[in-house]
Amino acid sequence: AQKITQTQPGMFVQEKEAVTLDCTYDTSDPSYGLFWYKQPSSGEMIFLIYQGSYDQQNATEGRYSLNFQKARKSANLVISASQLGDSAMYFCAMRENQAGTALIFGKGTTLSVSS
Amino acid sequence: GAGVSQSPRYKVAKRGQDVALRCDPISGHVSLFWYQQALGQGPEFLTYFQNEAQLDKSGLPSDRFFAERPEGSVSTLKIQRTQQEDSAVYLCASSLPAAMNTEAFFGQGTRLTVV
């Protein structure tokens, strides 16, 4: 079974609009961390935001926020006020406490921002 | 530079050739990871080092893949007798001692094409 599922292969948004990128996860480990990374066409993975399974509040980092719904096992990324530079691939990833230190990535969502 | 550096950026190998991919992590980062990213997919874990010790190599797809980090800094991923299915981007990431919320910093990757 997929550990990380990103069901949106591509998303399109206009500048200054908000966009939500979906991520659901599957784990039986009570302790885990969820990450979102951005991958522009240049190839490097850029860390955006982190949410721990025991965190009571949703994580926020500037224009990025994570809509964490633990019971539904979802960790959607919300980007407010989209910019042209936000166009990239976005990956959701999980680290499970019992499984060690490796990040497990989803297949990604391509976000295209137009003017 | 301050980031993770990978070389070469691009490598074309004939089927059956051996290749060596290099990763220079951020200075002081004890944890180092290798990932394989096929076209249109998310990165998949290959192996993990803490200093010079290879603590997890469960993701290496076959015994043709070998990684080392002899002095706890630079790491090399070697692929022997390359096959077409080895064509992918190989990403290296480094971090401070890996904990649940530790951010991994990625290099730009090496794109390997086996012809």
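Naming convention: chains lettered A, B, ... in sequence-line order (proteins, then strands); numbering from 1 in each chain. Since we're looking at a predicted model, the values are computed, not measured.
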Quiz item: Side chain, backbone, both or neither: which part of A:Ile104 has an atom under 4.5 Å from a heavy atom of chain B?
Solution: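 No part of A:Ile104 comes within 4.5 Å of chain B.
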
Quiz prompt | Segment of A:Gln51 engaging chain B (4.5 angstrom heavy-atom cut-off) | solution =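 For A:Gln51, neither part sits under 4.5 Å from chain B.
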
Quiz item: For A:Phe35 and A:Phe91, what are the C-alpha separation, side-chain angles and deciding distance, and is it a ring-ring contact (aromatic ring centres under 6.0 Å, His included)?
Solution: CA-CA 8 Å; A:Phe35 299 75; A:Phe91 291 97; over 10 Å; no

Quiz item: When only pairs under 4.5 Å are counted, which of B:Val4, B:Asn101, B:Asp56 shares the most heavy-atom pairs with chain A?
Solution: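 Among the listed options, the one with the most contacts to chain A is B:Asn101.
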
Quiz item: Between B:Gly42, B:Gly109, B:Pro43, which shows the greatest number of heavy-atom pairs under 4.5 Å with chain A?
Solution: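 Maximum pair count with chain A is reached by B:Pro43.
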
Would the number of heavy atoms belonging to other residues, nucleotides or ligands and lying under 6.0 Å from [atom1] of [X] be above 12?
X       : atom1 : result
A:Glu44 : CD    : yes
A:Lys16 : NZ    : no
A:Leu84 : CG    : yes

Self-check item: Part of residues 63-93 of chain B lying next to chain A, heavy-atom separation under 4.5 Å
Solution: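 If one takes a 4.5 Å heavy-atom cut-off, the residues of residues 63-93 of chain B near chain A are B:Leu91.
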
Quiz item: Between B:Gln54 and B:Thr47, is any side-chain donor less than 3.5 angstrom from a side-chain acceptor?
Solution: yes

Proximal component of [X], with respect to chain A [non-hydrogen, under 4.5 Å]:
X        : result
B:Arg111 : neither
B:Thr102 : both
B:Gln50  : neither

Heavy atoms only, distances under 4.5 angstrom: which of [options] has the most pairs with chain B? Name it, please.
options                              : answer
A:Ser42, A:Gly106, A:Gly52           : A:Ser42
A:Ser31, A:Ala102, A:Gly108, A:Cys92 : A:Ala102
A:Gln6, A:Lys107, A:Arg95            : A:Arg95

Quiz prompt | Value rounded to 0.5 Å, distance of CG in A:Asn76 from OG1 in A:Thr20 | solution =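 One gets 6.5 Å once the value is rounded to the nearest 0.5 Å.
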
Exercise. For A:Arg63 and A:Ser80, indicate whether the former's side chain and the latter's backbone hold a donor-acceptor pair under 3.5 Å.
Key: yes

Self-check item: Distance flag, aromatic centroids of B:Phe49 and B:Phe33, threshold under 6.0 Å
Solution: no

Practice problem: Kindly work out whether a path of hydrophobic side-chain contacts (I/L/V/M/F/W/Y, heavy atoms less than 4.5 Å apart) joins A:Met89 to A:Ile4. | Solution: no

Self-check item: Same apolar cluster (I L V M F W Y, side chains within < 4.5 Å links), A:Val113/A:Leu48
Solution: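 The answer is yes; both residues are in one hydrophobic cluster.
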
Quiz item: So do the side chains of A:Tyr25 and A:Leu34 get within less than 4.5 Å of each other, counting heavy atoms only?
Solution: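 They are in side-chain contact.
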
